[in-house]
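Lettering of chains follows the sequences in order, A, B, ..., and the numbering in each one begins at 1.
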Amino acid sequence: MICERMSPLLDDLVDGSLSAAEAALVREHLATCRRCSDEDAELRALRAATGRLPVALEPARDLWPSIRARIAFAQATERGAEARLPGRGQWITSLAAAVVVAVALAVALVSGPVGRPATPLEPGGREIVPAVADVAAVGARYEVARRELQAALDSRRAQLAPETQRTIDENLAVIDAAVAQIGAALERDPGNRDLAGLLVATCERQVEVLERFVRVVGRG
Amino acid sequence: MEVVANLATPRAVAVPVADVSGERSLVAQAQSGDLDAFEVLYHGSVGLVHALCLRMSGSAALAEDLTQEVFVRAWRKLGSFRGESAFQTWLTRLAVNVVITSQRRRRLWEGKVTLVDDLEPYAPVVPPSHPGQAVDLERAIAGLPPGARTVFLLHDVHGLAHTEVAAATGSAIGTCKAQLHRARRLLREVLSR
């Protein structure tokens with residue numbers, strides 16, 4: 001067998017996907033060819049090393065609260081679109097759309113555009129009721145991230161391109177306005193689970209964006 | 001056709017029947033809207049999904065975002081899971097799609113935005129007898145061209161068969177095999193330096 005044709009067959013031999021007859025032919029060649037024999041040994045060593053790599057790598061933090069919030073956001077958006085109450089459904093949908101646009105713009109600044117907002121859930125999706133602790137916890141985290149970003153921006157503002165500063169400021173204004181509007185509405189209607197879910201989801205998402213902003217500004 | 005015994009280290013461990021039926025039950029509950037059941041599925045597979053997102057993207061921050069996106073999308077698309085493959089195989093395919101789509105979007109913006117992340121270091125499990133080898137291999141994998149890296153991760157690290165890799169990447173089996181061959185050759189070259 002010619003060496004040039006051997007290389008892909010060595011992959012198959014190591015993977016165990018050759019027939020018995022094919023494997024015998026390859027092994028016969030390996031017995032007489034130093035180059036291919038060395039390549040076979042290297043492949044097996046690579047496979048062994050790869051086999052020792054962990055298949056699972058846990059993230060540094062528990063992502064479930066954020067995932068849950070995003071699912072809740074999608075549900076809230078869907079319910080807002082379906083709401084029959086005069087004015088409220090439309091308001092929620094418009095606000096949700098504005099928030100999504102603001103978040104998309106903010107994320108686009110640092111990592112490229114995100115996909116479209118989550119499409120409505122399948123019918124029968126369970127309603128997510130955020131606990132009071134969820135709203136309070138995410139609100140606190142939002143405040144911390146917001147303060148950190150403001151401090152980072154203030155200390156490095158002179159080093160940022162004017163367009164970057166302007167974009168960050170404009171997006172922060174939209175984010176702040178969206179959170180404030182949802183919060184104000186929730187104060188007027190504290191039992192509104194749609195708004196609570198929307199606030200949790202919005203703040204979760206925006207905290208992630210703000211934390212990314214901080215890293216961008218921090219690295220100059 | 002008789003196939004020679006597989007000498008490669010098996011990556012896919014046989015799952016006891018009880019675990020498989022337990023997983024099926026959880027999936028069925030989640031498909032009917034039970035988010036608690038989906039959370040259990042999440043905890044059982046987040047490490048796998050995150051590892052794939054991390055190694056494919058090369059960024060810890062991006063991997064977290066991508067991992068979240070995978071599970072949000074999985075919740076939305078649960079109704080399309082028919083049980084023809086293992087739930088984690090279905091999830092792996094979804095994860096590949098999410099990462100590849102994200103990479104395409106990012107390429108559109110290269111040069112127009114300031115990208116956030118350098119390749120952030122992370123600490124894989126390193127066998128005591130080879131303190132540097134696992135880290136070298138992880139870095140070598142991160143340096144592969146995207147197509148070769150994806151195929152290598154799916155086949156050699158995650159243990160998917162060529163047919164499954166082809167389905168996940170939307171490529172022909174022959175193309176996947178060529179990419180795998182290329183990945184292994186490049187890795188051997190890098191690691192032998």
Side-chain angles (χ1 to χ4, degrees), chain A residues 7-8 11-24 39 42-61 63-64 66-68 70-71 74 107-115 118-122 124-126 128 164 208 211-212 215-216 219, chain B residues 1-9 11 32-35 39 42-43 46-48 50-51 54 60-65 67-69 71-72 75-76 78-79 101-102 105-106 108-109 113-117 122 124-125 127 133-134 137-138 156-159 177 180-181 184-185 187-188 191-192:
Chain A
S7 205
D11 281 311
D12 292 334
L13 179 71
V14 168
D15 292 339
S17 57
L18 292 179
S19 67
E22 288 169 332
E39 185 174 330
E42 286 173 6
L43 264 175
R44 290 176 189 279
L46 175 61
R47 286 293 266 144
T50 304
R52 289 191 292 269
L53 291 178
V55 176
L57 292 167
E58 298 291 319
R61 62 184 178 95
L63 301 178
W64 179 250
S66 298
I67 293 167
R68 188 172 181 273
R70 287 193 191 188
I71 292 173
V107 174
L109 178 71
V110 296
S111 64
V114 295
T119 55
L121 291 179
E122 304 284 345
R126 178 176 161 177
I128 311 303
T164 303
E208 291 161 13
E211 287 169 347
R212 255 191 233 172
R215 285 199 290 273
V216 169
R219 292 184 185 179
Chain B
M1 179 176 78
E2 180 188 345
V3 176
V4 176
N6 192 344
L7 301 174
T9 305
R11 299 301 291 160
S32 66
D34 186 344
L35 194 64
E39 183 181 358
Y42 157 81
H43 285 294
V46 63
L48 183 86
H50 180 255
L54 181 62
L62 200 52
E64 282 195 359
D65 199 57
T67 301
Q68 293 178 49
E69 180 63 28
F71 282 98
V72 171
W75 171 256
R76 288 206 321 265
L78 261 180
T101 303
S102 166
R105 279 197 222 112
R106 287 172 71 87
L108 289 175
W109 280 75
V113 298
T114 302
L115 298 180
V116 178
D117 286 307
Y122 52 91
V125 173
Q133 187 180 56
L137 180 54
E138 292 276 16
D156 280 12
V157 178
H158 288 268
K177 289 184 125 180
L180 180 63
H181 177 71
R184 288 172 172 176
R185 178 177 53 81
L187 287 172
R188 285 187 293 114
L191 294 173
S192 67

Q: Between D15(A) and K177(B) (salt bridge meaning N to carboxylate O under 4.0 Å), is one present in this structure?
A: no
Q: Please look at L187(B) and chain A and tell me whether the side chain, the backbone, both or neither of the residue comes under 4.5 angstrom of a heavy atom of that chain.
A: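 Looking at L187(B), just its side chain touches chain A.
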Q: So how far is it from L46(A) CG to R185(B) CZ, rounded to the nearest 0.5 Å?
A: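 Going from the CG atom of L46(A) to the CZ atom of R185(B) covers 13.0 Å.
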Q: Taking the basic N atoms (NZ, or NE/NH1/NH2) and the acidic carboxylate oxygens, is any pair closer than 4.0 Å for R188(B) and D11(A)?
A: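 The answer is no: the pair does not qualify as a salt bridge.
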Q: Atom CG of L53(A) and atom NE2 of H158(B): how far apart are they, to the nearest 0.5 Å?
A: 9.5 Å
Q: Considering all heavy atoms of both residues, which atom of S7(A) and which atom of H181(B) are nearest to each other, and what is their separation?
A: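 Heavy-atom minimum between the residues: OG-CE1, 3.0 Å.
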Q: Would you call R61(A) and E64(B) a salt bridge, taking side-chain N to carboxylate O under 4.0 Å as the test?
A: yes
Q: Check this for me, if you would: do E42(A) and R184(B) make a salt bridge, where the nitrogen-to-carboxylate-oxygen distance has to be below 4.0 angstrom?
A: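 Looking at R184(B) together with E42(A), the answer is no, because their closest N to O distance does not fall below 4.0 Å.
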Q: Quick one: closest heavy-atom pair of P54(A) and E138(B), and the distance?
A: CD-OE2, 4.4 Å
Q: Which heavy atom in L63(A) sits nearest to a heavy atom in Q68(B), and how many Å separate them?
A: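 Looking at all heavy atoms of both residues, the closest pair is CD2-NE2, 3.9 Å.
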Q: Would you name the heavy atoms of Y42(B) and W64(A) that are closest together and state the gap between them?
A: OH-N, 3.3 Å
